[in-house]
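Okay, so here's the structure we're looking at.
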Amino acid sequence: MTSAARILLVDDEVPIQRAVAPLLRSRGYEVEVAGTGQDALKIVAAHPPDLIVLDLGLPDIEGTEVCRRVRESSSLPIIILSARGREADKVAALDLGADDYVTKPFGPEELLARIRVWLRRILSEARVESGRVAIADLIIDYDRRRVLRGSEEIRLTPKEFELLAFMARNPDRVMTHRAILKAVWGPNAVDQPEHLWVLVAQLRKKIEVDPAVPRYLISEPWVGYRLATEIPSGTE
Amino acid sequence: MTRDGIHLTAALGAIAVVTAIYAGWLHVTNATTVAMTFLLVVLVAAATSRLFVAVAASLAAMLSLNFFFLPPVGTLSIADPENWAALVAFLAVSLVASNLSSVARARANEATARRDEVARLFDLSRDVLLMTESRDALPLLARFIARRFDLEFVAVCRRHGETWEIGEGGSVSIPLETSQLALALANAEQALEFDAGNRTYVGHRTMIVGEREVRIVPLRLGTKPIGVLAAAGRPVDPGSLDALGGVVAIAIERTQFLEERKAAELARQSEELKSALLASLGHDLRTPLTAIRVAASNLQASWLGDADRQEQSDIVLTEVERLTRLFEDILDMARIDAGAVSTEPHWVHPSQIVDVAREPLEHTLKGHHIDTVVRDDTLIRLDPRLTAAALAHLLENAARYSPEGSPITVTTHMADGELILAVRDRGPGIAPDDLPRLFERFYRGKQSRTVSGTGMGLSIARGLLAVERGRIWAENCRDGGAQFTIAVPVERREAASAGVPADAQPA
């Protein structure tokens with residue numbers, strides 16, 4: 001990508017638009033602002049941006065609906081702006097194809113970091129389903145169904161491997177409990193999150209340096225899990 | 001002379017007159033004619049008066065018949081034995097007839113009395129059904145009964161644990177001993193027998209207080225006594241008293257039920273209010289907080305030009321203002337709910353109220369031109385703080401719901417001892433569906449989701465004005481836009497003639 005990334009900011013609150021748009025522009029992004037879901041969909045149809053920052057509480061159509069309609073035609077990253085205590089909306093948006101979320105009130109760095117991750121992701125999108133994938137210092141070998149840290153193999157059960165492989169296929173992306181359960185256990189298991197809790201605990205014991213402070217498999221409270229590709233080095 | 005005395009005199013007089021006419025004037029000698037006439041007098045007496053009058057008339061008629069008309073005339077002796085039989089027959093017929101007539105009359109009287117009591121009970125039930133207030137229910141009931149049954153004294157008594165709640169009605173007050181009431185209630189609790197003759201259940205008692213006879217009747221709801229009714233004055237049929245007790249018991253139960261329902265309704269409303277408050281606060285706190293956080297960190301950044309810096313600091317100031325008002329609103333709402341708003345009237349000029357109202361809205365009103373038209377140049381006495389706060393909500397509303405740059409007109413004038421403040425905007429007006437609910441707490445117009453707001457402003461304005469006995473209403477203007485009007489009762493004095501009183505300056 002040679003030109004600056006184009007970001008579409010969708011929020012009906014003028015103060016948020018007026019504070020966030022200059023922030024993004026200051027980091028070299030090209031910013032377009034939409035106050036309603038309809039406007040946002042029009043802009044996406046006419047000239048798709050590289051990334052959408054989408055508020056869920058829009059005056060005309062629900063943010064989740066905007067999310068769904070964008071996904072019908074495009075896979076561009078969508079970062080949700082949501083309110084704490086509206087986990088259900090957040091999960092619904094993620095299930096409908098949103099990639100990430102930031103909870104209001106958010107700090108500028110939080111939003112910028114998420115945007116960076118997702119823009120980098122679309123640059124290196126050419127990802128293969130087979131072969132080897134490196135997640136930080138873990139190497140996942142799909143062909144041989146093995147996981148290595150350096151040259152040392154980490155022995156995983158088939159379910160643990162499936163979970164890690166699924167998360168690695170969607171790196172840095174919040175996967176809802178439902179989505180993971182469906183992918184690893186099948187559609188009948190979506191209402192049995194206890195399977196997932198147990199499996200995540202087992203997997204963390206094997207891949208995390210300190211299972212009590214996970215660095216790869218991060219919990220997103222009430223929503224799901226995320227596989228972090230960047231291991232934070234002390235400070236953010 | 002009593003009524004019975006008059007009747008008796010009249011009956012005996014009629015016998016004497018008939019005797020005089022027949023014996024002295026017409027010289028009638030046929031005893032049958034005389035006897036039939038006497039019988040007529042006796043029947044009239046029986047139909048109009050009491051039995052003893054008719055009996056006395058019968059005896060007098062018999063004596064007169066014997067003395068004046070049956071031979072030998074002039075003596076009480078009778079020569080012909082046939083005449084003896086006639087005389088005895090006459091007496092018997094007149095006694096039986098007067099008895100029959102008297103019984104029929106008593107029945108008719110009783111029926112009338114019952115009909116009267118039933119009518120009173122009916123009227124009372126109607127009174128009772130119109131009662132909606134549970135407060136003071138007992139004295140109200142007592143007054144209704146005293147009025148409908150023409151009783152001198154009525155007390156409706158309920159026991160709450162050891163204490164008695166007594167509601168009195170009627171023209172006199174009789175101190176009731178609670179131990180007696182408790183005894184009557186305990187008695188009624190023990191037995192439930194129906195006395196078919198009196199049409200009553202057991203438990204009726206009579207108490208003598210001073211010189212008055214007070215009748216005590218249990219109030220029964222179904223079979224369970226819930227209190228007692230005490231009545232004194234006009235005698236009331238025990239059956240009616242019993243029925244009365246039933247009506248009163250139902251009335252008490254009904255008011256209690258109404259009260260409970262009201263309490264439940266209030267609890268439900270308060271729950272709804274709480275969740276509405278949380279939902280609206282969630283959004284209305286988060287947006288300004290986010291904007292302030294991002295704008296403040298933008299202000300720290302080096303990339304900011306002067307124009308940008310100005311804009312970002314504007315955001316911070318406006319959003320802080322918004323948060324402050326939100327905080328004030330919540331506080332005001334809590335104060336209104338707690339009844340903690342009091343008025344502090346001062347002498348002020350109406351234009352001061354408009355100025356005070358505009359002050360905290362500096363940023364909100366920036367995009368609008370405010371025209372202030374003050375029609376009366378008078379000093380008025382009212383609470384400027386409350387009135388200005390209410391007006392501020394109207395101004396804020398007008399600014400939010402009308403297009404940026406459109407003018408807002410504030411007019412003040414006096415009418416009928418009230419200060420009228422009208423705020424007129426050039427916005428889209430109010431949807432007819434929204435008009436009736438506009439001042440309800442947390443109510444947001446159907447079309448107004450695009451405008452941020454909590455739905456608290458107008459209800460707070462109304463709450464504040466209510467403390468001042470003021471009113472508020474909204475209407476759509478014929479040539480577009482909405483107008484909100486406040487009317488507050490005030491004292492006034494002409495500014496020019498009175499001069500400015502010492503406390504007319506804004507605090």
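Hydrogens, waters and symmetry mates play no part in the numbers below; they use all other heavy atoms, side chains included.
- Counting heavy atoms of neighbouring residues, nucleotides and ligands inside a 6.0 Å radius, atom CH2 of A:W222 does not exceed 12 of them.
- Between A:E109 and B:R293 there is no salt bridge, since no side-chain N of the basic residue sits under 4.0 Å from a carboxylate O of the acidic one.
- For B:E362, the CD atom sits in a loose shell: 12 or fewer heavy atoms of surrounding residues, nucleotides or ligands are nearer than 6.0 Å.
- The neighbour count for B:D306 CG, taken as heavy atoms of other residues, nucleotides or ligands under 6.0 Å away, does not exceed 12.
- Heavy atoms of other residues, nucleotides or ligands lying less than 6.0 angstrom from CD of A:E194 number more than 12.
- A donor-acceptor pair under 3.5 Å is formed between the side chain of B:N298 and the backbone N or O of A:A19.
- Within a 6.0 Å radius of CZ in B:R261, other residues, nucleotides and ligands contribute 12 heavy atoms or fewer.
- Counting non-hydrogen atoms of neighbouring residues, nucleotides and ligands closer than 6.0 angstrom, the CD atom of B:E359 reaches no more than 12 such neighbours.
- Of the listed residues (A:I16, A:V20, A:D11, A:L111), the one with the most heavy-atom contacts under 4.5 Å to chain B is A:I16.
- Side-chain atoms of B:Q312 come within 3.5 Å of backbone atoms of A:R18 as a donor-acceptor pair (strictly under, hydrogens ignored).
- When atom types are taken as modelled, the side chain of B:R286 and the backbone of A:P105 share no donor-acceptor pair closer than 3.5 angstrom.
- To the nearest 0.5 Å, atoms CZ (A:R25) and CG (B:D308) are separated by 9.0 Å.
- Scanning all heavy atoms of the two residues, the minimum distance from A:K104 to B:T287 falls at NZ-OG1, 4.4 Å.
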